[in-house]
Colleague: 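Below you will find the structure I want to go over with you.
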Amino acid sequence: MKIHYFVCVLWGLALVGCGTINADRESYMKDAVYEKERYFGDAVSEPAFSRYELRGKYEVDEEKLNIHIDPVEIYTQEKEEFVVRRKVSYERYGPYGYSPGMCVFKVVMVFDVLFSMIDDDYAEDLQETCYKVYEWKREEQEQPPEKTGVKTVELLARNYQDSSGSLVFQLRADGKRVNKVNLTGFRGKERRGPYSWTVNSWYDFSRLEDDDSLEIEIINRRGKVALDKTLAIAKEDTESVIFKSKYDGIFQLYYTCRLCNANLTDNFYTDARRIIWYSNVYLYKGKGALDFVASCIEDRFDRLRHGDVRVMRANTPKGRNIWPDIYSSYGTVRGVKAPDEPTVDDIQSCIRKKRLDLEIKNYYG
């Protein structure tokens with residue numbers, strides 16, 4: 001009796017329709033007009049000269065100092081300005097598949113009702129048949145350009161030539177001028193961007209001290225106008241440029257050991273590879289010789305008889321920043337007394353013994 005009552009209720013609801021779904025827009029669905037872009041159209045005046053500018057920057061690439069210098073002229077001109085707007089609206093579509101008669105049929109047949117309980121497709125189809133289901137779509141329409149007025153814009157020109165004046169490069173180390181060069185080769189309108197030079201091509205940075213600070217000053221004279229631009233070289237870049245003019249890199253020896261002192265007499269035993277000691281950090285000049293140094297030091301300092309002396313190296317002092325991460329993968333070992341570590345004299349002795357073309361120097365960074 002209850003089942004028949006339930007079916008009758010469904011049938012009655014189907015006759016009148018069970019209501020609507022998604023009939024009203026959500027709170028965020030607001031019609032609006034947005035600005036898409038602005039652009040300049042035709043000019044309404046001739047370009048007028050405004051000023052000279054001196055632009056420039058430096059970069060360090062492969063430990064070489066490059067400068068990019070760009071003397072330009074700035075003109076002003078009035079142009080029409082236009083704005084393009086975009087209209088956003090939300091439109092309602094539907095209902096889809098709504099049919100009270102078909103709804104009654106499906107409810108009376110019962111099968112669609114039962115299948116809708118276990119199958120999403122049947123449920124969605126029954127819902128669209130018995131309910132007024134609506135869908136909201138976001139629509140965008142670009143509006144015709146509108147003129148907003150006349151604006152003053154700046155135009156850039158590159159007409160500077162060697163005959164236009166002079167352009168002087170000066171390099172300062174710790175505030176003292178160490179190099180001065182007239183930069184030439186400017187050909188006016190043929191230029192499409194900055195002119196570039198590699199300072200290392202004419203200046204030997206090995207003359208400088210390792211801890212010197214560097215600064216570049218560019219002076220551009222154009223008639224009665226004198227422009228000045230200063231470029232401070234970052235500490236890491238300075239270190240890299242000066243360092244590579246003197247050295248090939250930086251290195252440190254480290255002693256690793258596995259199964260060291262199995263008799264436990266020195267309490268250095270471990271079944272995993274561990275670091276026993278690090279040497280000091282050294283600067284070096286020379287190619288392909290460090291592995292021979294490590295081999296020689298190992299012959300002299302492998303007191304634990306199961307160790308290896310290895311080399312950690314980097315092209316510049318900055319490169320050694322990752323060494324702690326590499327060392328941490330080994331871990332350290334507890335011991336009563338660490339074995340002797342090599343000094344700079346020991347390393348120099350190995351260099352002489354192996355007759356290596358290698359120069360080293362303590363690094364105090």
Side-chain angles (χ1 to χ4, degrees), residues 33-62 64-87 140-172 175 177-203 213-234 237-238 241:
V33 177
Y34 300 95
E35 183 176 310
K36 176 186 176 183
E37 63 179 345
R38 289 176 180 254
Y39 66 91
F40 293 104
D42 295 333
V44 297
S45 70
E46 294 296 323
F49 176 77
S50 175
R51 64 189 182 278
Y52 294 117
E53 282 189 5
L54 177 60
R55 302 177 179 182
K57 65 177 183 179
Y58 84 89
E59 66 173 353
V60 173
D61 182 28
E62 296 183 352
K64 294 186 182 298
L65 178 60
N66 301 310
I67 56 173
H68 308 282
I69 309 301
D70 196 13
V72 300
E73 306 87 45
I74 304 298
Y75 292 82
T76 59
Q77 187 176 39
E78 291 186 338
K79 288 188 174 184
E80 295 178 334
E81 184 186 47
F82 294 87
V83 61
V84 177
R85 294 185 172 90
R86 179 177 293 168
K87 181 181 179 181
E140 297 185 8
Q141 183 178 15
E142 192 167 293
Q143 304 298 301
E146 297 178 22
K147 181 179 177 180
T148 60
V150 175
K151 293 290 183 69
T152 300
V153 299
E154 291 189 345
L155 306 177
L156 183 146
R158 292 185 171 95
N159 297 316
Y160 180 77
Q161 304 179 51
D162 293 339
S163 59
S164 303
S166 65
L167 201 148
V168 179
F169 164 90
Q170 294 186 133
L171 178 67
R172 300 184 186 277
R177 189 176 73 189
V178 295
N179 183 247
K180 179 180 179 180
V181 173
N182 290 320
L183 301 178
T184 59
F186 293 93
R187 294 182 290 275
K189 293 183 179 180
E190 297 180 17
R191 194 160 54 96
R192 293 292 180 267
Y195 273 52
S196 302
W197 291 268
T198 300
V199 180
N200 300 65
S201 64
W202 72 75
Y203 184 75
S213 61
L214 293 181
E215 185 180 79
I216 292 172
E217 183 180 18
I218 306 294
I219 301 172
N220 182 209
R221 291 185 175 85
R222 305 183 70 167
K224 296 181 180 180
V225 178
L227 303 172
D228 185 284
K229 188 170 188 64
T230 300
L231 303 173
I233 310 300
D237 291 331
T238 298
V241 170

Colleague: Salt bridge check, Arg38 against Glu81: does any charged N sit closer than 4.0 Å to a carboxylate O?
Modeller: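 Looking at Glu81 and Arg38, the cut-off is met.
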
Colleague: Taking atom CD as the centre, does Glu140 end up with more than 12 heavy-atom neighbours from other residues, nucleotides or ligands that are less than 6.0 angstrom away?
Modeller: yes

Colleague: Give a yes or no on whether the backbone of Ala226 and the side-chain of Asn220 come within a donor-acceptor separation of less than 3.5 Å.
Modeller: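 Flag not set: sc Asn220 to bb Ala226 has no pair under 3.5 Å.
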
Colleague: So, Glu215 side chain and Thr230 main chain: donor-acceptor pair closer than 3.5 Å or not?
Modeller: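 Judged by distance alone, no pair lies under 3.5 Å.
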
Colleague: Under a plain distance cut-off of 3.5 Å, with no hydrogens placed, do Asp237 and Tyr58 share a side-chain donor-acceptor pair?
Modeller: yes

Colleague: With a 4.5 Å cut-off on side-chain heavy atoms, are Phe186 and Leu167 touching?
Modeller: yes

Colleague: How long is the gap from CD on Glu53 to CD1 on Ile74, to the nearest 0.5 Å?
Modeller: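 That separation rounds to 4.5 Å.
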
Colleague: Can you check side-chain contact (heavy atoms from CB on, under 4.5 Å) on Arg85 and Glu146, steps first, answer last?
Modeller: CA-CA 8 Å; Arg85 294 185 172 90; Glu146 297 178 22; 2.9 Å; yes

Colleague: Checking Asp162 side chain against Gly185 main chain: does a donor-acceptor pair fall under 3.5 Å?
Modeller: yes

Colleague: Have a look at Val60 and tell me which of Asn66, Val241, Thr238 forms a side chain to side chain contact (heavy atoms under 4.5 Å, CB included) with it.
Modeller: Val241

Colleague: Considering the options Arg158, Arg55, Lys57, which one meets the salt bridge (charged side-chain N to carboxylate O under 4.0 Å, His left out) requirement together with Asp70?
Modeller: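 Of the listed residues Arg158, Arg55, Lys57, the salt bridge (charged side-chain N to carboxylate O under 4.0 Å, His left out) partner of Asp70 is Arg158.
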
Colleague: Count the heavy atoms of every other residue, nucleotide or ligand shown that sit under 6.0 Å from CD of Glu35, and state whether that count exceeds 12.
Modeller: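 More than 12 heavy atoms, drawn from other residues, nucleotides or ligands, come within 6.0 Å of this atom.
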
Colleague: Can you name the residues that form a side chain to side chain donor-acceptor pair (under 3.5 Å) with Thr76, not counting sequence neighbours?
Modeller: none

Colleague: Show your working on side-chain contact (heavy atoms from CB on, under 4.5 Å) between Thr198 and Leu65 and close with a plain yes or no.
Modeller: CA-CA 6 Å; Thr198 300; Leu65 178 60; over 6 Å; no

Colleague: Does Glu80 reach the main-chain N or O of Lys147 with its side chain, forming a donor-acceptor pair under 3.5 Å?
Modeller: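 No; zero donor-acceptor contacts below 3.5 Å.
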
Colleague: After noting the C-alpha distance and the side-chain angles of Glu59 and His68, does the key distance pass the side-chain contact (heavy atoms from CB on, under 4.5 Å) rule?
Modeller: CA-CA 8 Å; Glu59 66 173 353; His68 308 282; 3.1 Å; yes

Colleague: Between Phe82 and Tyr39, what is the ring plane arrangement, given parallel below 30°, perpendicular above 60°, and tilted in between?
Modeller: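 Phe82 vs Tyr39 ring planes: parallel.
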
Colleague: Could you state the interatomic distance from CD (Glu73) to CG (Leu156), rounded to the nearest 0.5 Å?
Modeller: 7.5 Å

Colleague: Under a 4.0 Å N-O cut-off, is there an ion pair linking Arg172 with Glu217?
Modeller: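 Result for this pair is yes, salt bridge flagged.
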
Colleague: Could you tell me whether a side-chain N or O of Ser164 sits under 3.5 Å from a main-chain N or O of Arg222, the two making a donor and an acceptor?
Modeller: no

Colleague: Per the side chain to side chain contact (heavy atoms under 4.5 Å, CB included) rule, which among Trp202, Trp197, Tyr203 passes with Phe169?
Modeller: Trp202

Colleague: First locate atom CD of Glu142, then atom NZ of Lys36, and finally report the distance between them rounded to the nearest 0.5 Å.
Modeller: 3.5 Å

